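Take a look at the structure set out below.
Remember, it's a predicted structure, so these values are computed and weren't measured experimentally.
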Amino acid sequence: MTRHETFPSAISPEDVVAVTPRIGAEIRNLPLSGDLGADVVADISALLLRHKVLFFRGQTHLDDAEQERFALLLGQLAPHPTQAIVAGTASILELDSRRGGGRADQWHTDVTFVEAYPKASVLRGVVIPPVGGDTIWANTVTAYDNLPAPLQRLADSLRAVHSNAYDYAALRPKAREEDKQHHARVFASTVIETEHPVVRVHPETGERSLLLGSFVKRIDGLAQDESQKIYELLQAYVTAPENTVRWRWQVGDVVIWDNRATQHYAVNDYDDQHRVVRRVTVAGDVPVGVDGRRSSPRVKP
């Protein structure tokens, strides 16, 4: 892969700069807007399928309404199933470090505890600390590709239960009390569980990817200790450093990721500094496994 891609489109190839060989590209000189033409939107979608995560600097002209208008170009918006949206918006979720949100310091794919979880997320940096608060993304397609053939066959056969009711305190033993209370009172206020294939087939590319992350409660059919060992083995391929990209946020940055082919981790290293990001998610479809079986709800909202 060259530093500048050859991509015949309304987006100039010189403005598409790969950040790492496996995941992530920065798109330059493109002010995002709800008024973008169909050709540019098609190019963004195609680049997203290829790079999994797209980074846009300098989008300080965007407000909540324009962020939503742009996201609508990518598909129907999907408000969070348990958390309140920003007043006056249709779907924006604010993650404010001073209000118990934004410290998502566990590897996860957004909202996989629902059956048709979002296909994409559009995140805008509103208040960014001068130091810290980066986000890391991992490519779950290349993670699957890197599995030895016997592990691929094993993963292909597995299904896992994802839930928003997990032991937050155990996963985050040093979490602030207000963050623990926010998780119990808001995020897990309504318990939702879904059984997904551990390997999903991407509906647009046909690629296979590992569908895991911190919302996994257990692998179906295994004892808890067996489930945890298999989970950790497969998850290690997702988070291998060569499979990731790390982004240093600036105010006004916008990041879009294919939520069907990535996991991400918000680095919680900024202590009491203020950090606010606002997220819009685009509605997705029900995952399908290698065997053709669809995901199925276990506990509906």
Are [X] and [Y] side-chain neighbours, meaning at least one heavy-atom pair lies under 4.5 Å?
X	Y	value
Gln59	Gln67	no
Arg200	Arg208	no
Phe215	Tyr117	no
Val199	Leu210	yes

Pair Asp96 + Arg98: basic N to acidic O under 4.0 Å
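The answer is no: the pair does not qualify as a salt bridge.
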
For the pair Arg159 and Asp220, find out whether any cationic side-chain nitrogen is under 4.0 Å from an anionic carboxylate oxygen.
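Salt bridge: no.
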
Keeping the roles fixed (side chain from [X], backbone from [Y]), state whether a donor-acceptor pair exists under 3.5 Å.
X	Y	answer
Asn259	Asp110	yes
Asn243	Asn139	yes
Asp253	Gln250	yes

Could you check Val114, Thr190, Val191, Val111 and say which one makes a side chain to side chain contact (heavy atoms under 4.5 Å, CB included) with Asn164?
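So, applying the side chain to side chain contact (heavy atoms under 4.5 Å, CB included) to Asn164 and each of Val114, Thr190, Val191, Val111, only Val191 qualifies.
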
Minimum-distance pair of heavy atoms, taken over all atoms of [X] and [Y]:
X	Y	answer
Ile11	Leu30	CD1-CD2, 4.1 Å
Asp43	Ala10	OD2-N, 2.7 Å
Leu36	Pro31	CD2-O, 3.7 Å
Leu93	Ala84	CD1-O, 3.8 Å
Val238	Thr244	O-CG2, 4.3 Å
Gln263	Gly213	NE2-N, 3.4 Å

Check: Phe55 ring centre within less than 6.0 Å of Trp137 ring centre:
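Yes; Trp137 has its ring centre under 6.0 Å from that of Phe55.
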
Glu226 atom CD, over 12 foreign heavy atoms within 6.0 Å
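Yes, because the 6.0 Å sphere around CD of Glu226 holds more than 12 heavy atoms from other groups.
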
If the plane angle is over 60° it's perpendicular, under 30° parallel, otherwise tilted; pick one for Phe70 and Phe56.
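Phe70 vs Phe56 ring planes: perpendicular.
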
Shared hydrophobic cluster for [X] and [Y] (ILVMFWY, side-chain gaps under 4.5 Å):
X	Y	value
Val141	Leu211	no
Phe113	Leu212	no
Tyr144	Leu158	yes

How long is the straight-line distance from CD1 of Ile192 back to OG1 of Thr112, given to the nearest 0.5 Å?
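The OG1 atom of Thr112 sits 11.0 Å away from the CD1 atom of Ile192.
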
Decide salt bridge (Lys or Arg N to Asp or Glu O under 4.0 Å) for Asp285 and Arg260; before the verdict, give the C-alpha distance in whole Å, the side-chain angles of both, and the deciding distance to 0.1 Å.
CA-CA 10 Å; Asp285 57 350; Arg260 303 160 296 185; 5.1 Å; no

Could you please spell out the steps behind the salt bridge (Lys or Arg N to Asp or Glu O under 4.0 Å) verdict for Arg69 and Glu66?
CA-CA 5 Å; Arg69 288 187 67 235; Glu66 198 64 18; 2.8 Å; yes

